[in-house]
Undergrad: 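I'd like to ask you about the structure that follows.
So that the names make sense, note that chain A is the first sequence line, chain B the second, and so on, each numbered from 1.
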Amino acid sequence: MSWGFMRDSSLRRVLSVQYGRSGSQHSPVNLFFDTEPDNLPSTNDSSSADEDLDSLVLFGMLRGNVVGLRYYTGVVNNNEMVALQREPNNPYDRNAVKVNNVNGEQVGHIKKELAAALAHIMDRNLAKLEGTVPYGAQNAYTMPVNLSFWGREENKNIVIDLMKKYGFKLGPLPQGGSQAQPRLSIPLLPAVQMTTEQLKTEFDKLFEDLKEDDKTRELEPSKAVETSLLPHQKQALAWMVSRENSKELPPFWEQRNNFYYCTLTNFAEKDKPESVRGGILADDMGLGKTLSIIALILTNFHDGKPFPVGHGIYGNYSLEEHSVARDDSRKSSNKKQARRKADGTNEKSGSSKGKTETAPKRQKAKYSLSDSEEEDQWIPRKVKAPSACNIVDDDQFAMALFGGPSTVKQKTKKKGTVKTVTDNPSKCEVQNHPRTTLIICPLSVLSNWIDQFEQHVKADAKLNIYIYYGPERNKNPDFLSKQDVVLTTYNVVTHDYSTESPVHKIRWLRVVLDEGHTIRNPNAQQTKAVHSLDSERRWVLTGTPIQNSLKDLWSILSFLKLKPFTAREWWHRTIQRPVSMGDQGGLRRLQALIKNITLRRTKTTKVKGKPVLQLPERKVYIQHLKLSPEERKIYESMQNEGKAIISRYFNEGTVLTHYADVLAVLVRLRQICCHPHLVPTSLSSALSASSTPGELQEKLVNKIKMVLSSGSDEECSICLDSLNMPVITRCAHVFCKACICQVIRITKPNAVCPMCRGELYLEHLVECPEDECDLGDSQNNNQTWMSSSKITALMHALTEQKEKDPNIKSIIVSQFTAFLSLIETALRESSFTFTRLDGSMNQKKRTDAIQSFQSSHYDSPTIMLLSLKAGGVGLNLTAASRVFLMDPAWNPAAEEQCFDRCHRLGQTKEVIITKFVVKDSVEENMLKIQNKKRELAAGAFGGNNISQLPVK
DNA sequence: ACCGCCGGGTGCC
DNA sequence: ACCGCCGGGTGCC
């Protein structure tokens, strides 16, 4: 089923064990490019050792002793796992090695003779040591411990010899020393490992059963939710509410007599391990994770009771200045729109009654909590809610909320006991119970959350939302903990981590991490900052839960406070390593775990026999165009010129070595089909011979841009994958840098180009400057603007469509960014509103463009100009339901991918695609050739018959 | 610790 | 006896 993205990559990781080191990234070729592991008896820092945890091998085992039990409180069971920890500062023995139980409580020490040997090994990081105590229970003074030594293959003999020198012999454990590993056969025996095929099947099955049992129960949301939920969203709600209110033991825990027992580590304790009141919502993009969480917030507000609806008055709102970077493109339902003006000036936005405006600057000065005023506290006062969500997010809105004599903020000099007396039904809970949901997301989706709250929360539910963002954000914990929702970003939380911030002091009702996979790096400050947040209810939203490997999952489990995985050692010993070694038990445990805490549906998941979401239809039309007589004249002249050049190459037998020049002719012809102004006056400038190295360099760079923009060779012919760091050879063929370097290295010193067998030297390779691969530079931008046949056809279609339905949005796609620029002029002339996305834009500009286009705001642009290659598969332009493909691509997959940017989850309308194709031109040939694009260079140009040239 | 080790007391059978 | 043996004191690193 789904999760192919995850399966592939994690499998690769899993299987990498068998290759020795992990690290193949993209193409098979890259396998050879792995940097050699340095063979020094390593004194690696622990971080790099951490990275490779999966590739460690078992050196052997040893029975040792734990002593000094009577001095410590940590107790252990028979067969319980223990952790070994160096204690270099022990005053009695600098070789001391502590032994801790799963909970981190000290059990004792390793006996000193052995400790001396172990200290040697541990301090040099020659091996990782793991212990289990076969007879852990009821020892008064000492107990045996079975130690396993794990390390990198090249250190194996070093460790064995070293131990021998100290008088210890590593080996298989004396029989009877059973392992704490939950029935895990020691992977010294390859016979128990699964085959690659089996492992793959297991991964396939991993998430298959996720939708069983209670996960199909539905729950009606609180009345405060305005949007009606789809069945699968009601299921998500039911599941989340039940998890939040559940008291059941976390997975792998059982109650035995008076103890709670962890079946993975054999650890037991009197105290009940905390239930995981949360989990991972891993629905596919577009299934409504955000809406599901909003429904959860409103439905399970307090003690299983929903958020109150219908109270005209609310309180708990203090008047604080704040700021947030936002554009005006956010969605607003019509009835809410009135309160915001689009021009962003300090205009009144009075949709609610009886408010007076104050200039924001003055407000800021007057009300912001400066350091000197720290002891001051604002008394929240009653405010008539202007709208559903009291989103405090920009100056003018703050004004709308707080301005006016009747709502002037009061403050008191008294410290402490500021009682909040309000009509809010949940006021009493503020002191005793956390009230506030903290949502953390990447900045790029912050505005989406705001939009979604506005859209989905009913107007008479007075949900207080505070955007904790920007330099002026209110850091008063009292203020924050009186909100219903605090919305912030990972960066803010991370930044505040170092400064003892309110975010880390407050006990939150729940914490929601959006795009939770962003915390996958366990060493990142961000991850640590997020882990230290205080809340019982923790949720992770992600579309890609296990992006690269099981390692990613650990960070999430740790955030969820899932015992015993909060410490990485137990996760690694009980799940990650067994799974990566192909142990079935490990996989079963992983499956049980995922099943317990994850809800994931994809677009193909069925609810009551029907797919969760059905995509509307998609229709592709090809519109044939005739060039105007003037355009035709230019086209033919260029075609003749090109034919002459190519004939010459052909006669010289040098067509292949002038590959890029041939493509250049084709590109020029295609450009003329779009607009004559796209083409420089003469071909000769592009194709002229050059002699100096500087000129050659420049020419090659131009060629690589040309080749890339021509769309004919988006894939590297060595690895057959998409180009990764493209470089161009002197003979103008383009490959991944790594691929061609590999070829040169292997075939040295006789390296030849794999395409044309031309001379090939490492030094001659030229890289393409990042993101400059668009052939967008219009050489003739001084010419006065004029339309073209294609532009005219496009404008005609757009105008007609606008008359039919002005709300329909369109994407206009071209491979030539200069063409997009020409289209801009036409759009402006006909007063269409548009935005643009191309490869030259930075990330900020891109997200801005996407957001403004996706917005349903009344003045959001109706047209997106899109360069064919801009953006990845993730690009979501579902606001559009029309696509105009201005020029055909060699690669049909590139076109398909482009269509899918609007024909995807979230699209509600029928999608109509129009491809413009100029009759009797290279474009028609491209349509024919699209399916055999790979033969183009080698076949059409390499063949003996020049009539095969797609130049008529 | 139902051990080992230490060091003082002791000393034919 | 510069030993052996006994039995009490003692005990992680």
Side-chain angles (χ1 to χ4, degrees), chain A residues 41 43-46 49-50 58-151 155 158-171 173-180 259 262 265-270 564 566-570 572-573:
Chain A
T43 45
N44 263 348
D45 61 297
S46 60
D50 280 359
L58 181 61
F59 294 164
M61 309 184 76
L62 180 71
R63 168 70 66 90
N65 281 297
V66 188
V67 297
L69 304 191
R70 58 160 41 186
Y71 302 98
Y72 307 100
T73 53
V75 290
V76 282
N77 273 305
N78 290 344
N79 281 322
E80 183 168 328
M81 292 183 173
V82 290
L84 273 66
Q85 188 190 3
R86 274 286 281 128
E87 192 184 21
N89 294 325
N90 186 300
Y92 303 95
D93 183 357
R94 54 194 188 86
N95 290 326
V97 177
K98 287 206 292 184
V99 177
N100 301 332
N101 71 9
V102 176
N103 244 9
E105 299 150 346
Q106 184 167 2
V107 177
H109 279 103
I110 294 290
K111 209 163 148 56
K112 60 175 177 294
E113 295 81 6
L114 181 54
L118 298 190
H120 193 159
I121 286 168
M122 293 169 87
D123 292 347
R124 282 158 210 243
N125 208 4
L126 291 169
K128 283 232 178 302
L129 290 164
E130 293 179 359
T132 59
V133 284
Y135 314 107
Q138 293 176 321
N139 297 286
Y141 307 101
T142 67
M143 68 172 82
V145 57
N146 294 330
L147 301 174
S148 329
F149 292 67
W150 298 84
N155 288 330
I158 298 171
V159 168
I160 288 176
D161 291 349
L162 202 72
M163 289 303 288
K164 201 181 272 174
K165 253 189 232 151
Y166 280 94
F168 299 101
K169 191 170 179 290
L170 291 195
L173 213 65
Q175 275 317 302
S178 62
Q179 281 307 289
F259 284 89
C262 172
T265 58
N266 296 323
F267 174 80
E269 63 183 338
K270 268 246 182 325
T566 39
R568 190 133 67 118
E569 177 171 357
W570 313 119
H572 186 251
R573 285 175 66 173

Undergrad: Would you measure the distance from the C1' atom in B/dC6 across to the matching atom in B/dA1 and give it in whole Å?
TA: 15 Å
Undergrad: Name all pairs fulfilling the side chain to side chain donor-acceptor pair (under 3.5 Å) condition that reach into residues 87-96 of chain A, sequence neighbours left out, sorted by first residue then second.
TA: A/Glu87-A/Asn90, A/Glu87-A/His109
Undergrad: Restricting to nitrogen or oxygen on both sides, can you table the protein-nucleotides 9-13 of chain C pairs closer than 3.5 Å?
TA:
residue : atom : partner  : partner atom : Å
C/dC12  : OP2  : A/Tyr71  : OH           : 2.4
C/dC12  : O2   : A/His109 : ND1          : 2.8
C/dC12  : N3   : A/Tyr72  : OH           : 2.9
C/dC13  : OP1  : A/Lys112 : N            : 3.1
C/dC13  : OP2  : A/Lys112 : NZ           : 3.4
C/dC13  : O3'  : A/Asp93  : OD2          : 2.6
C/dC13  : O2   : A/Asn90  : ND2          : 3.1

Undergrad: What pairs of donor and acceptor atoms, side-chain ones from residues 64-71 of chain A against any protein atom, are under 3.5 angstrom apart with sequence neighbours left out?
TA:
residue : atom : partner  : partner atom : Å
A/Arg70 : NH2  : A/Tyr141 : OH           : 3.2

Undergrad: Could you give the distance separating C/dT10 and C/dC5 at their P atoms, to the nearest angstrom?
TA: 25 Å
Undergrad: For C/dC12, which nucleotide is its Watson-Crick or G-U wobble mate, given both distances must be under 3.5 Å?
TA: none
Undergrad: Give none if B/dC2 has no partner; otherwise give the nucleotide forming a Watson-Crick or G-U wobble pair with it, both distances under 3.5 Å.
TA: none
Undergrad: Write down the distance separating the C1' atoms in C/dC12 and B/dC3, rounded off to the nearest Å.
TA: 15 Å
Undergrad: Taking side-chain hydrogen bond (donor to acceptor under 3.5 Å, both in side chains) as the test, write out the residues that go with A/Tyr166, two or more places apart.
TA: A/His120
Undergrad: Rounding to a whole Å, what distance do you find between A/Tyr141:OH and B/dC5:P?
TA: 18 Å
Undergrad: Is the NZ or CZ atom of A/Lys128 both under 6.0 Å from the centre of the six-membered ring of A/Phe149 and within 45° of that ring's axis?
TA: no
Undergrad: What residues, two or more places apart in sequence or in another chain, satisfy ring pair (Phe, Tyr, Trp, His ring centres under 6.0 Å) together with A/Phe168?
TA: none
Undergrad: For A/Glu569, which residues count as a salt bridge (Lys or Arg N to Asp or Glu O under 4.0 Å) partner, sequence neighbours excluded?
TA: A/Arg573
